[in-house]
Amino acid sequence: MPDRIVPHFQEELEQLKTRLLEMGGLAEDRVSSALKGLVQRDAALIDRVLAGDGPINDLHIEIDRRCFKLLALHQPMAVDLRAIVAAVKINTDLERVGDLAINIAEAVRRYMRHPPVKELIDIPRMADIAQRMLRNALDAFVRRDTDLAQGVLNEDDTLDALKTQVFRELLTYMLQSPHTIEPALDLILISRHLERIGDHATNVAEDVIFMVSAKDVRHHAGEVEI
Amino acid sequence: MSVVQTIPPSLTVPVRPQPDADQHPVCIDVQGLNFYYGAKRALDNITIGIPAKLVTAFIGPSGCGKSTFLRTLNRMNDIIPATRVEGKVLIDGDDVYRSGTDVVALRRRVGMVFQKSNPFPKSIFENVAYGLRINGMAANRADLNARVEESLRAAAIWDEVKDRLYDSALALSGGQQQRLCIARALAVKPEIVLMDEPASALDPIATQRIEELIYQLKAQYTIVIVTHNMQQAARVSDRTAFFWLGRLIEEGPTDRIFTNPAEKLTEDYVTGRFG
């Protein structure tokens, strides 16, 4: 018999984190596939993204149930309470990222009905940043690393700036040749979805900081400590 | 006035539980049990199936009959004068109240741990060895030693006492004494362990150790625990039964009882809106 008993609550908390990571991996993978479909004009890949929402939706429900049960049966306190509340919120953010991957895939499918408006440079860059933010936010969650989480928050401005740049650039294309309006609007929508994915990664990073240090950094709240 | 007369007639009859029958067949099958202290009915028509190798918790306000019911399962109420039982308690199909039941054998099969730890005023070793000796369960000294160690390990106390097995059990802390009592109950290889408020006299750390122990023991034993601590029932049990005024109001999976009970009385109790 070990000297130190690991409470089964802690085991269940670890399982919860593992499931959240799985969900994060799925969401990231779907964003990655949607972008690959755009760059490579791969209709089959886009179709797979559009059809494959089931596992994320199932995990969304499962994780919420786990959180609900842990809250009801274990009355967690302090860091454990913050971890479960954070998990509920992160779960919602990850599910939204999965939905945004679908939105991107829908826009890509429409975009592919037209010839390419231009060579894609900034949108793949945005996708890299958004996915890195998401990955780092989840790593920060697992490692309880507030520095990494803070890094995610700092990257959000870059993503916002790129979205503005994409919009301005495509605006010039649309003004010059109206037949590019439809596909260019889809590219603008895609950049908007990627920017939203960055916002969700930012939410996750904020939740990590709250979970680890009990500081609320949302809305530039001046790092209010509860 | 009898307790029974105060119960509103509208209460629904509890539904028989249906746990995973393959993995956890019904081990204790109670059918229409009434229990009387003299003329006063303390348990009213209790029907419940307690599944094997799970933890079932009995909760309810003081005087609701949960401890009385627990003690009917191994006939511990027999020692109280002027009590009477009606109905059946079947353990693996045998009615424990049929005439001719060997009560000593029953209590070996259905062990019990009490609210206040009650080690014998003997050494730690002797506390566990005692039941093995009187039941002739050890072939020789080496076998006895091995069985004592096995029981102390199962009760998660071996590492704390292995270097002082021959010290008095009364020198142990309250939490250690309670785990020793659990080791003593486990030594005679029971099938079922009944626990009556096993952690109510312990501090939070000792309580957590007991709770984790209960959680681990269910792999091998059917455990029934009475607790007035709802949170404890939530943490340790797989199934929860809510008693009120001598009646079983509701029984079901613990997560359902604590998140979405079927009965308003249960909801009022678990949310603290009682009375």
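In what follows, chains are A, B, ... by sequence order, proteins preceding strands, each numbered from 1.
Contacts between residues 185-196 of chain B and chain A, defined by a heavy-atom separation under 4.5 Å, are made by no residue at all.
For the pair B:R184 and B:F120, the distance from NZ or CZ to the six-membered ring centre is under 6.0 Å and the angle to the ring normal is within 45 degrees.
Applying the ring-ring contact (aromatic ring centres under 6.0 Å, His included) rule to A:F68 yields no partners; only residues at least two apart in sequence or on another chain are considered.
Salt-bridge check for A:D199 with A:R196: passed, with a basic side-chain N closer than 4.0 Å to an acidic carboxylate O. A salt bridge links B:R153 to B:E149: at least one charged side-chain nitrogen sits closer than 4.0 Å to a carboxylate oxygen.
Ring-plane geometry between A:H74 and A:H8 is classed as perpendicular, the angle between the planes exceeding 60 degrees on a 0 to 90 degree scale with a lower cut at 30.
Heavy atoms of B:S237 lying under 4.5 Å from chain A are absent altogether.
Donor-acceptor pairing under 3.5 Å is lacking for the side chains of A:E95 and A:N91.
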